[in-house]
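Okay, so here's the structure we're looking at.
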Amino acid sequence: MSVTDDWKTEMSAVPSPELAEDPPQISEPPAGLDRGVLAVAMVVVLGAIMSILDVTVVNVAINHLAGAFHSSLATIQWVATGYTLALATVIPVTGWASARFGTKRLYMISIALFVLGSALAGLAWSAESLIAFRVLQGLGGGMIMPAGMTILTQKAGPSRVGQVMSVVGIPMLLGPICGPILGGWLVDDVSWRWIFFINLPIGVVALFLAARILERDTPRPGERLDLLGLVLLSPGLASLIYGLAKGAQASDFSKPEVLITTIAGAVLVVLFAVRALTARVPLIDLRLLKRRSVAAASGTMVLFMCAFMGAMLLLPLYYQVVRQESAFSSGLLLAPQGIGAMITMPVGGKLTDRIGPGRVVLIGLLVVVASVAGFTSVLHADTSYWTLGAVLFVMGLGMGMTMMPTMAAAIQTLSHDEVPKASTMLNIIQQVSASIGTALMSVLLANALTDKLGGGAGGGGLSAAQKLPPQIMQKIVGPMADAFQSTYWWAVGLLALAFIPALLLPRRKPTGAPAEPPMPMH
């Protein structure tokens, strides 16, 4: 009998809870992750790390790809942007597809699409073909993480959600750290084609293990696709993220193309929200936000992802622009953050399952705020790398106790059938919030550079500063470092706001699963 069957047997006599508040729970002692859960976790991590690592590996190679295909940077940038837009387009259908085809089948289809796209991208003969194959990669990659999260959380059960979220968080940590290092080495010493070919052996192993280890789940063909919701949300997310990316790239959101696409995307997303709250079987059930734990976790995640991902954009740029380090060296210098997070992430997961996510997240947020605030005082043109590494290490410690416990808070009170919908919603929140954060910090940094450097050197923002001769760069690195330093204050402010919803997170351990709601009639 599976863990899921155990829940159903135990909860069969419990009435369905009201959606407006967190449901009652039944005591269940927290347990460690058994061999079966760890095996499933290995399969999920393989798929997730492949898709997340790919993003950062490719970002390092953008300039090299422009030269290889004799293409402009504006065109080759679509290798990254096209992938992101494909992710945004396909993530909304993951919840429905999980019910329609089963999560195991969906997970394997997603990995197969990603591997096929990787193989074709490695064989690309032009910038246009590479962009097209990257879109195919994104269509598969967008479903890997939410489907994997669903499989793992349903396998582990509500009392171990914190621990499994820590496992899922490993790829999110390793991607930004290992990606620039691996990408820089492959581009410099092997071939740009291997930044895509490297996914093939990982993907094949993940497919083989998924077929052998993952349990077969029962599809529910009667679950109808909310076509109107899909028409509103997928283009809306794509348009919104495109507008934010283009505005950040140009450091100007007033351009007609940027303004129109951003506003159109935001309007479509709002219309989708209205639809989701009124439809009987919506594409993503926003009514889950009536649960206090889900709403508090979502609010915390929006503010945290905006601030943290925006802040993470700043330091690599500081290393490359102010300190003139290579992308490879910058990746190495960011490693202390991952080390710190890997120390606290498993601890944070266990504490979440024992004492509840509320206390864990508040401690983690406090540590992250303190470390980000540290950059507002220590980030100078000649700051010791040991000092910066120490601050990064502390930031990683806080991140390991914040991000995944927040996701666990949203999922631990949900029923078996609600988990896919919540996983999809949380992944969309992550994607959009990260895009907003990076766009916001890019513009704020560009404005700070212009203020610090004046109209002559800094009028073009960061892009202009990067093109200055070395003699001039030596004279302005101090003001440039000050610009980075002042931009970090915005991240501190957003992180401080995240305390407000975080105070509403559950402060007791998850002790059981709610009853499953009745199946919708069609």
Might you work through the side-chain contact (heavy atoms from CB on, under 4.5 Å) test for R323 and Y385, ending with a clear yes or no? CA-CA 10 Å; R323 307 300 286 265; Y385 285 156; 3.4 Å; yes

Would you check if L123 and F197 make a side-chain contact, meaning some heavy-atom pair closer than 4.5 Å? yes

Can you run down the salt bridge (Lys or Arg N to Asp or Glu O under 4.0 Å) pairs that involve residues 119-148, sequence neighbours left out, and say none if there aren't any? D54-R134

Less than 4.5 Å apart, any side-chain heavy atom of V294 and any of M425? yes

Worked check of side-chain contact (heavy atoms from CB on, under 4.5 Å) between I144 and F114: CA-CA 9 Å; I144 289 176; F114 187 86; 4.1 Å; yes

With sequence neighbours excluded, tell me which residues meet side-chain hydrogen bond (donor to acceptor under 3.5 Å, both in side chains) with S118. Q137, N199

Any idea how W192 and F69 line up, ring-wise: parallel (<30°), tilted (30 to 60°), or perpendicular (>60°)? perpendicular

Considering all heavy atoms of both residues, which atom of G140 and which atom of L113 are nearest to each other, and what is their separation? CA-CB, 3.8 Å

Between L46 and A206, the two heavy atoms sitting closest are CB-CB, 4.1 Å

For A502 and L365 the tightest heavy-atom approach is CB-CD1, 3.7 Å

Looking only at atom types and distance, does a side-chain atom of S371 sit under 3.5 Å from a main-chain N or O of V368, one as donor and one as acceptor? yes

Let me confirm one number: the CZ-CG distance from F196 to L120, rounded to the nearest 0.5 Å. 11.0 Å

Is the closest side-chain heavy-atom distance between L268 and L240 below 4.5 Å? no

How many angstroms lie between atom CG of L136 and atom OH of Y83, to the nearest 0.5 angstrom? 11.0 Å

When you compare the side chain of M143 with that of L106, does any pair of heavy atoms fall below 4.5 Å? yes

Which pair of non-hydrogen atoms, one from M108 and one from A210, has the smallest distance, and what is that distance? CG-CB, 3.9 Å

Using 0.5 Å steps for rounding, measure from the CH2 atom of W490 to the CG atom of L314. 13.0 Å

Side-chain contact test, heavy atoms from C-beta onward, threshold under 4.5 Å: evaluate it for I202 versus V205 and give yes or no. no

Test item: Y107 side-chain N/O and V43 main-chain N/O as donor-acceptor pair under 3.5 Å: yes

Quick check for you: to the nearest 0.5 Å, what is the distance between L388 atom CG and L392 atom CG? 7.0 Å

To the nearest 0.5 Å, what is the distance between CE on M345 and CG on L397? 11.5 Å

Quick one: does any side-chain atom of S239 pair with a main-chain N or O of T261 as donor and acceptor, under 3.5 Å? yes

When rounded to the nearest 0.5 Å, the distance separating OG1 of T300 from CG of L505 is 4.5 Å

Side-chain donor or acceptor of S126 paired with backbone N/O of S129 under 3.5 Å: yes

Is the shortest heavy-atom distance from the side chain of F484 to the side chain of T487 under 4.5 Å? no

Please lay out, stage by stage, how T402 and F308 fare under the test side-chain contact (heavy atoms from CB on, under 4.5 Å). CA-CA 11 Å; T402 304; F308 190 82; over 6 Å; no

On a heavy-atom basis, the closest approach of I111 and G47 is CD1-CA, 4.4 Å

For the student: nearest non-hydrogen atoms of A307 and A491, plus distance: CB-O, 3.6 Å

